[in-house]
Number of protein chains: 2
Amino acid sequence: MAVKQSIFEIFSEENTSGVAYRNKAFKRAIINHLDQTGNSTITDLAQEMNISVPKITSLINELMTDGLVQDYGKEDSKGGGRKANLYGLVADSAFFLGVDVKQYYINIGLLDFKKNLVKAEMHVPYELSNTREAFDQLVKVIQTFISQLPEEHRNILALCLNLSGRINSENGYSYSYFHFHEEPLSTILEQITGIRTFLENDSRAMAYGEFHNGLVKEEKNVLFVNMDYGIGLGIMIDGKIYRGKSGFGGEFGHIPLFANEIICHCGKKGCLETEASGQALIRLFKEKIAQGSTSVLVQQNKIPDNLRLIDIIQAAKNEDVLCIELIAELGEKIGRGISVLINIFNPELVILGGILAETGDYVRLPIRSALNKYSLSLVNNDTQLHMSKLQEKAGVIGGCLIARDKLLSVQ
Amino acid sequence: MAVKQSIFEIFSEENTSGVAYRNKAFKRAIINHLDQTGNSTITDLAQEMNISVPKITSLINELMTDGLVQDYGKEDSKGGGRKANLYGLVADSAFFLGVDVKQYYINIGLLDFKKNLVKAEMHVPYELSNTREAFDQLVKVIQTFISQLPEEHRNILALCLNLSGRINSENGYSYSYFHFHEEPLSTILEQITGIRTFLENDSRAMAYGEFHNGLVKEEKNVLFVNMDYGIGLGIMIDGKIYRGKSGFGGEFGHIPLFANEIICHCGKKGCLETEASGQALIRLFKEKIAQGSTSVLVQQNKIPDNLRLIDIIQAAKNEDVLCIELIAELGEKIGRGISVLINIFNPELVILGGILAETGDYVRLPIRSALNKYSLSLVNNDTQLHMSKLQEKAGVIGGCLIARDKLLSVQ
DNA sequence: ATTTTTTAATAAAAATATTTACTAACTGTC
DNA sequence: GACAGTTAGTAAATATTTTTATTAAAAAAT
């Protein structure tokens, strides 16, 4: 595969200095520019990048022989003058894989070089646990997905695995899951799949997906709240993922916001997660039922020990009063947590995502009113609050984009 | 002044393109490099910057005729071979002014091009209020300071004014103080003083000072907690000041952490500042006295209506038990607030600064123990907690550095 | 003390990039 | 429909930058 070779040559920083080095940097910058502003003319590129037209021309020509860039024909008329050729990325020249592992299923998808989601398989059944069997099962899911791809979609340059918990995406170690080897998990997966592998925390990957392919337009400072069994936070600062010193940043679920006596699974008391997470929701629901409250779920005999979050969400969507009430309470509490974030970050946009976001206004309105109540109105007025646009696909797309952008050294 | 002319030419981005533009960028990069890693040889610069030796040579020569760079003689021996010349910045080639406005005094100082604090006047008496008189008074303080400088220190390229409250340092507007004109405050000051002027929030300026001239070595993600009458927060992310969308980021004092009924001056209830600020300290002290507690301050008849924070701090330093106790309680509460920050940011370093930091261990130890109690131990263990090294000079130095770095387009 | 090794600085040659000038291609107006 | 006005693309000339080779200077080894 000549194309694949060339691409790696461009994106590796080894064995080059001087002119060759600079040309590679220029090519990456061109790819980036085409990526972000769409197809461009040579004149545009020259102006934007402060390089002369002939130089850009020769770089573009090289990128075309590499198969990464393509001539998309003449520009639309925009006043007088000769029409310029538009150059843009070639969608099919490279692909990236995103693997989003949830508690009870996996979402997996493929992105092309132009950030189109080529294929996605959602809710592949899977049970996440920290065992070798679960890891083998995960590998099998990935391999099956790849094997079912048509030949022309198999030029996969990189993949990203999203896991919850402690992830150090710089060195590729996962501490909460699958930490069986000396080597980083990313290396292990790389050896098995033969594909360059990156790791990322699930909430951060979702934030990245929403940031680059969702509803974010101009904003640079964005918070993504992942409302699932736990409460995750993805922080985008200046257009980049914020990870903190060791990748533990965004432990929003464990800020001490309540004066309760519930021991969180992290060992502390008063964590946000003890009152305002999917887990807490299930606990509170069971408590209410025990106290004699009624719900559709009781009537349907759907309250076994392993009652799932999705059941409560479904019930709420079917107008079950108890579930709706509990979700509103949850929203109020999460809202108080988000107020803290808004005061500290003064973000342009807060995105509500995760499976609980599928309850729509049931959770959004209580959050909104809590924000008014608890955060500085000045700062609050500055901040937009939106529901995730990509919804359950955010993780997959985010993973693909992280794989892509890490390879292109954008991230 | 030939020097001044040249410097501005380098730092303005106007009227240039192509080669000239790139050379300016190169020169700035060289200045930056010399600034951060100290005096360097031409070979070093060439390698670091991926430019050829002759090119660096000619750029350095130009910078020397500009008066910004100087030949510092031969390098120390480091193995065999010919000794290389060391080139470095010229300290006296340019100066920057930092004006740090506090509630009851102003700190003002001058930094040279090599970041040495040439002169500083601390605690110039002043009463901050949002009036034209107070602004005129401020201008007078600045002008007096400048007029007392020796001739060779008057090449001031820029100044930065630190104010508390809402500051948009991008457009130079101050909303909390001196918002009398249509034009941004920075423009007004620029017209009066004839010096390029920048504005910054006081806590952010202190954070910047500590970051670049204090105890920060390698860390890139650092939080600075400014404990004064209010509680401020300076956030350094990836080595840069984080300001948020409109410059309101870091409103740490107003996160809703308490379930009390005290109305904060921001209008909300339960703000951190209502329980854990200098203001709160004074309130609590007066309450205790009213309840019959005793203190050195009472005996000394020092409790008028305008009891100041500095009195309580002094009393604590003189072993006044009540003041020490109250400061410990304050520390515990601030610690709970900082726990939130640590969980969210996973910072490498948290610096305690502001006037209350002068109480040393009296405030540090309760904070430390609160961190252990309230933040995830995993994340907490990752974080160093230190007292400010620059102490009361942090604001002045930070202001000077901001002026310098904004002008050099580093910030 | 002389030679060898190592590194810096400089000069000249080669490679590379930018300007400038020119031609091509298009729009709109008289 | 010719012509003026614009903008794109290309070729040649000019300018700049990098390479390579050479010389200079210092430390280590003989």
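So that the names make sense, note that chain A is the first sequence line, chain B the second, and so on, each numbered from 1.
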Under-4.0 Å salt bridge between [X] and [Y]:
X: A:Glu170; Y: A:Lys245; result: no
X: A:Asp238; Y: B:Lys240; result: yes
X: A:Lys389; Y: A:Glu210; result: no
X: B:Arg404; Y: B:Asp35; result: yes

Closest to side chain of A:Ala84, choosing from D:dT19, C:dT18, D:dG9: D:dG9

Nearest to the side chain of B:Lys83, which nucleotide is it out of C:dA9, D:dA27, D:dG9? D:dA27

For atom [atom1] of [X] and atom [atom2] of [N], their distance in whole Å:
X: A:Leu86; N: C:dC26; atom1: CG; atom2: P; value: 14 Å
X: A:Tyr21; N: C:dT16; atom1: OH; atom2: C1'; value: 18 Å
X: B:Leu45; N: C:dA9; atom1: CG; atom2: P; value: 11 Å
X: A:Ile42; N: D:dG9; atom1: CD1; atom2: C1'; value: 8 Å
X: A:Gln47; N: C:dT19; atom1: CD; atom2: C1'; value: 15 Å
X: B:Ile51; N: C:dT16; atom1: CD1; atom2: P; value: 18 Å

Do the side-chain N or O atoms of [X] get closer than 4.0 angstrom to the phosphate oxygens (OP1, OP2) of [N]?
X: B:Arg22; N: C:dT18; result: yes
X: B:Asn85; N: C:dA8; result: no
X: A:Ser52; N: C:dA17; result: no
X: A:Asn23; N: C:dA17; result: yes

For A:Phe95, does the six-membered ring have the charged nitrogen or CZ of A:Arg154 within the cation-pi criterion, i.e. under 6.0 angstrom from the centroid and within 45° of the normal? no

Answer yes or no on whether A:Lys114 is positioned over the face of A:Tyr72, meaning its NZ or CZ is under 6.0 Å from the six-membered ring centre and within 45° of the axis. yes

Nucleic acid contacts of residues 53-63 of chain A, taken as heavy-atom distances under 4.0 Å to DNA chain C: A:Pro54, A:Lys55

Main-chain N/O of B:Leu349 paired to B:Glu219 side chain as donor or acceptor, under 3.5 Å: no

